[in-house]
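Beneath this line is the structure, given in structure tokens, with notes to follow.
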Amino acid sequence: MSRFWNERLSFLSPYIPGEQPKNEQIIKLNTNENPYGPSPKVLQAVQTAVNDTLRLYPDPLAVELRQAIARRNKLTVEQVFVGNGSDEVLALSFMAFFSSKRKICFPNITYSFYQVYANLFGIPYTCPKLSPDFQICLEDYMQVPGGVLIANPNAPTGILLSCVEIEQLLQQNPDCVVIVDEAYIDFGGESAVSLIPNYENLLVVQTFSKSRALAGLRIGFAMGHPALIQGLEIVKNSFNSYPLDRLALVAGKASIKDELYFQSVVQKIIQTREWTVQQMVQLGFTVLPSQANFIFVTHPKKEAKTLFLALREQNIFVRYFAQELLSDYLRITIGTQKEMEALIATLKTWMV
């Protein structure tokens, strides 16, 4: 600890991202990346954009990208905000909508960045426990004074709330913002975007990192009532007016345009997920019902940490969480069919 630090730093436990190994021979199933890469039209658009215009600042309003997102989601451009990955969008949302005087609410098991942000910005919070089968108990989120934050599907479980359940949260919390973090919604869930016209307190946050395979370009966005979007713009322009560079703006727009490629990749991942679930169950694993591009698994006779280390020795990386309630589980990203077949083949050698 440095004597020059802000005193709040001594109390922070930063978010720890999944390991990014340098060895290209590794089967990387630990950070929920898309195994298929972005649309060829995205690559072409980015290559074309690498020219003399990079000397110019990008559009601070990101109008063309916001228009493309708005059209796809049947919204207006005033209902769309973009930022440097959904992590930044979420951070700006904490600053825009949550107060140090009122508690917010998010599950005890969810995306761990929520707790980091709350501590960083000095926002009090409560974390209701999930049920024994990792379900969110809606009654714990009624009449929350400061705000509600739900990852849907949840992480690291992959379990989904229905739009009917999300609407119940909105109806029971009319005086605070309800943020629905839909990083994985494209892999089987129904987005809460359809509820936006009816609820001025709903903010839906999504990302290009997962289903659109653009994690390396950091494009996130939020959708909600124009007043919420205006609030995000105020915070953004008090922090960084240019969160997305010119290449990211071009890539995002091209990705939105290539709906056919997007849908084909998503369907491949869903099909591989369902095949993997069947195989894992046959090997004796318990697999939580996932609507994400990962599965959360445990085995009654094999310790998760032991399996994690053994797979690592075979150059197969999965995610292990050494914390209470999660230490018996592994989170496994859905890779290509070939990668998942290699995973299953390796596991079979230990499950005899």
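What you see is a predicted model; the values in this text were computed from it and never measured.
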Would you name the heavy atoms of L244 and N84 that are closest together and state the gap between them? CD2-CA, 4.0 Å

Do you know which two heavy atoms are closest between F294 and N154, and how far apart they sit? CZ-O, 3.7 Å

Donor + acceptor pair across side chains of [X], [Y] (<3.5 Å):
| X | Y | result |
| --- | --- | --- |
| E259 | Q263 | yes |
| E165 | S162 | yes |
| T76 | Q79 | yes |

Tell me whether the NZ or CZ atom of K41 lies within the 45° cone about the ring axis of Y261 and under 6.0 Å from its centre. no

Looking at K338 and E341, is any side-chain nitrogen of the basic one under 4.0 Å from a carboxylate oxygen of the acidic one? no

Can you tell whether the side chains of R218 and E88 come within less than 4.0 Å, N to carboxylate O? no

Stepwise, does the side chain to side chain donor-acceptor pair (under 3.5 Å) test hold for T31 with K28? CA-CA 8 Å; T31 51; K28 192 170 180 297; 2.5 Å; yes

Any donor-acceptor N/O pair, [X] side chain to [Y] backbone, under 3.5 Å:
| X | Y | result |
| --- | --- | --- |
| R319 | I332 | no |
| T349 | T346 | yes |
| R212 | T207 | no |

Do [X] and [Y] have side chains that approach each other closer than 4.5 Å (heavy atoms only, starting at C-beta)?
| X | Y | value |
| --- | --- | --- |
| K268 | Q337 | no |
| D59 | Y242 | no |
| S131 | C137 | yes |

Under the criterion side chain to side chain contact (heavy atoms under 4.5 Å, CB included), which of V265, T333, L214 is the partner of N34? V265

Y329-F321 aromatic ring centre distance below 6.0 Å: no

State yes or no: are the ring centers of F221 and F208 separated by less than 6.0 Å? yes

Nearest 0.5 Å, please: how far is CD in Q291 from CG in D186? 12.0 Å

Would you call the rings of Y117 and F121 parallel, tilted or perpendicular, taking 30° and 60° as the class edges? parallel

For the residue pair F187 and Y184, does the interplanar ring angle fall in the parallel (under 30°), tilted (30 to 60°) or perpendicular (over 60°) class? tilted

Tell me every residue that passes side chain to side chain contact (heavy atoms under 4.5 Å, CB included) with V250, counting only those two or more places apart in sequence or in another chain. A45, A49

Under the side chain to side chain contact (heavy atoms under 4.5 Å, CB included) criterion, do M223 and I196 qualify, and how do the steps go? CA-CA 8 Å; M223 297 170 285; I196 287 175; 3.7 Å; yes

